[in-house]
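All remarks here apply to the structure that follows.
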2 protein chains.
Amino acid sequence: MVPPPRQRRATQVDIARRAGVSQATVSLVLSGGAVSDQIAESTRQAVLAAAAELGYSVNIAARSLKGGRNHLLGLYTFEPVFPTDQRDFYFPFLMGVEEETARQGYDLLLFSSVSSGDRAIYTGGVNRLKLADGCVLLGRNVRREELAELVREDFPFVFIGRRELPGAELSYVGADYVTATSDLVAELVRLGHRRILYLREPADTEPTRDREAGYRQGLAAAGIEVDESLIHELADPADLSPAFVGHWTGTAGVTAILVEPSEDNRLTTALDATSTAATMRFPDDCSIALLGDPPSWTPELRDWTRFSLPRADMARTAVQILVDLLGDPHGAARQVTLPCSFVPGDSIGPAPDRRWPR
Amino acid sequence: MVPPPRQRRATQVDIARRAGVSQATVSLVLSGGAVSDQIAESTRQAVLAAAAELGYSVNIAARSLKGGRNHLLGLYTFEPVFPTDQRDFYFPFLMGVEEETARQGYDLLLFSSVSSGDRAIYTGGVNRLKLADGCVLLGRNVRREELAELVREDFPFVFIGRRELPGAELSYVGADYVTATSDLVAELVRLGHRRILYLREPADTEPTRDREAGYRQGLAAAGIEVDESLIHELADPADLSPAFVGHWTGTAGVTAILVEPSEDNRLTTALDATSTAATMRFPDDCSIALLGDPPSWTPELRDWTRFSLPRADMARTAVQILVDLLGDPHGAARQVTLPCSFVPGDSIGPAPDRRWPR
DNA sequence: ATCAATTCCTAATACGTATTAATAGGGGTT
DNA sequence: AACCCCTATTAATACGTATTAGGAATTGAT
């Protein structure tokens, strides 16, 4: 009794023909519109029977063409999605986005931004993202012009991470780097540290700006004046050698270091090397804490003192906000900041009194 | 000069009006049909300019309703995509699929199959996958009925991992478990082992069947008769305790073990515990090798002897095959098997002569 | 018997795109 | 000038569904 393999999928018209009714009636029965309860029971049964016999399934494209929405959320990252050496950095975001997207009843459209550059948001003047109802954005190498264009087009999107755009309000879910860094400074001060070196990335991105703000805020709260020479740009995290640290502790009286982790594993590699070199020991010779999560984290590596971004949470929240935006197309931009969590670790300790007796 | 925010997304009709041409011309310019090279350069530029100004992007639903391609490949997994404890298992697949999809000029549509079960391929008789041109499938908890229905509908898809379906040919990219297992047996035999315990999963899945076949093939090649009592079903990998191993080495003369890794980290956790218990040492007291990759692999864990699936390769190949299928809709199913790679590790060694002097 | 009310269904249409057959405009050849 | 050919463009149409206004048949009321 199995029907012969069809070339073409059965449509509502096929069902209508078979059941001797109109296509509109079929639609009403199968999709339960507002007036679907007016359908006579006998008719309903006939339609359902015909549908079952033909193995009908609705054509999503047609439905969403009619309805305007296709129940897809996009995820676009401004770098390759799955670079192996950054997997641990991105994975929680992906996980959170995927999870919440599914929970909201959407499917996830992954836009790839390969290095060749021809997979940007706008290719040939066409916005690829619009394939989705809305989009979550992610990544550091943001092309601001494209962001601005997205805002101009009124396309619904939410950035994971705080992003500011002059003259435009955009929605984002950020992490509270300021408070987290400030708290870390407070903790170091409590342990007796007064001269804290802050190693920042050269690039002037929002996270870095926030960390610096937190650094200043933490010192201010402790009544310590900022020594600008202790804010140092570290271009390559690999430079963080024992000699480098020794230089600062020796000549500048530094007793603690705050350093921004890189997305790759250069920093942790350097730290591990320094840590095992035995000429410089954390926290005995110098305390050190990371202003964020090191990537490629494994339980076996040393448990560095740090704060940790609520990545999965940020991602989930971003999706929720996006769905909100879709329901309220003309609402204002939503901006949320989530707190980071402090990870005590074992790389900070009381300040040694000897070098810089205050 | 900024246009007022639009309610409605720009369509080809809007562009046509603005550029002073017809919708058909817009379609030809933007979608590059067969006769698209007949379009005058000036017209083309006008259309592209108008499209850019209006922030046009194609409506996927309309395009795919029309029957054209929408340049989306789907990825459907029969389990949650990003379960934390299985991340290392799935990540290489995702990475490979994403990479090759981008290279082929497609975007990736991630279908999620959350545990609640309402995100199956067919929900309410509707095949969700059809939003994509074709689909890569992945996962162990395969719902065979759904697979059969996909084949029946003639929907283009490729499974990562060998899957057999009675009465239907489907495309897949599998790993050569048979040869890999057989080679592992040969290596153990070369080291003097004669009684090799094979711990298999109870479920009768293709990978497990292949491993068992490889086990038998390896022994046959070495001229060793299979002792059926040495093929043992291990329901919970956590049961692999020192006492358990001791039992087999003591009472059954086993000198080597082949065990199927679980997707979670139960097996490696158990092995680590056993390994550090000091009452049982690998490979001194017993050799052991894994028939596949342990998940959550980190360099710090012990380097178990094993073979490794070419996961990223499998994924990339699957995408290539899928694209092939799309170009040749009525071609036969493609079935590819890729070789595994042997990872020497340090958990096998020469067989001890003492227990079972042969 | 006439009209109103109710029940059940259908015709018509819109959604946005891709495609094909047809057409207008120009330039050449005789 | 009549003809044809080539190029660049368009009108028309199909895809499958959801929705709405309205129509036919039936029932009920007077």
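So that the names make sense, note that chain A is the first sequence line, chain B the second, and so on, each numbered from 1.
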Side chain B:Glu206, main chain B:Glu164, donor-acceptor under 3.5 Å: yes
For a quick test of reading the model: is some side-chain N or O of A:Ser22 closer than 4.0 Å to OP1 or OP2 of C:dC9? no
Looking only at the side chain of A:Leu65 (C-beta and beyond, no hydrogens), which of the listed nucleotides C:dA11, C:dG16, C:dT17 gets closest? C:dG16
Distance in angstrom units between B:Gln45 CD and D:dA8 C1', rounded: 16 Å
Starting from P on C:dT17, measure out to CG on B:Leu72 and report it in whole angstrom. 15 Å
Rounded to whole Å, the CD-C1' distance (A:Glu41 to C:dT7) equals 15 Å
Output the rounded distance in Å from CD (A:Gln38) to P (D:dT19). 14 Å
Rounded to the nearest angstrom, tell me the gap between atom CG in A:Leu28 and atom P in C:dT10. 10 Å
Quick check on D:dA18: is either OP1 or OP2 less than 4.0 Å from any side-chain nitrogen or oxygen of A:Arg63? yes
Side chain to side chain contact (heavy atoms under 4.5 Å, CB included) partner of B:Leu137, the single match among B:Leu150, B:Val142, B:Thr77: B:Leu150
Give a yes/no on whether any side-chain N or O of B:Thr11 is located under 4.0 angstrom from OP1 or OP2 of C:dG16. no
Return the set of residues passing salt bridge (charged side-chain N to carboxylate O under 4.0 Å, His left out) with B:Arg44 (not counting sequence neighbours), or none when no residue passes. none
Residues in salt bridge (charged side-chain N to carboxylate O under 4.0 Å, His left out) with B:Glu169, at least two apart? none
Decide yes or no, distance alone: a donor-acceptor N/O pair under 3.5 angstrom between the base of C:dA18 and the side-chain of B:Gln23. yes
From the list D:dA18, D:dT10, D:dT9, which nucleotide is the closest neighbour of the side chain of B:Ile39? D:dT9
Would you find a donor on one side and an acceptor on the other, under 3.5 Å apart, between the side chain of B:Ser27 and the backbone of B:Gln23? no
Per side-chain hydrogen bond (donor to acceptor under 3.5 Å, both in side chains), B:Gln320 is matched among B:Glu100, B:Arg103, B:Arg334 by B:Glu100
Any idea which of C:dT10, D:dG16, C:dT17 is nearest the B:Ala62 side chain? C:dT17
Across the strands shown, which category fits B:Thr43 at heavy-atom distances under 4.0 angstrom: base, sugar-phosphate, nothing? sugar-phosphate
Give a yes or no answer on whether the side chain of A:Gln335 reaches the backbone of A:Leu170 with a donor-acceptor pair at less than 3.5 Å. yes
For a quick check of understanding: with a heavy-atom distance under 4.0 Å over all strands, which category does B:Val26 fall into, base, sugar-phosphate or nothing? nothing
Between the axis at one end of the helix from C:dA1-D:dT30 to C:dT30-D:dA1 and the axis at the other (five pairs apiece), what's the angle to 10 degrees? 70°
Between P on D:dC15 and CD1 on A:Ile60, what's the gap in Å once rounded to a whole number? 20 Å
Using a heavy-atom cut-off of 4.0 Å across all strands, would you classify A:Gln12 as base, sugar-phosphate, or nothing? sugar-phosphate
A:Arg44 atom CZ is separated from C:dT7 atom P, nearest whole Å, by 15 Å
Ranking D:dT9, D:dA14, D:dG16 by distance to the side chain of B:Lys66, first place goes to D:dA14
Phosphate-side-chain proximity, A:Thr25 and C:dT10, N/O vs OP1/OP2 below 4.0 Å: yes
Using atom CG of B:Asp14 as one end and atom C1' of C:dT17 as the other, report the distance to the nearest whole Å. 13 Å
Has A:Asp107 got a side-chain atom pairing as donor or acceptor with A:Leu72's backbone, closer than 3.5 angstrom? no
B:Ala40 near the nucleic acid: base, sugar-phosphate alone, or nothing, with a heavy-atom cut-off under 4.0 Å? sugar-phosphate
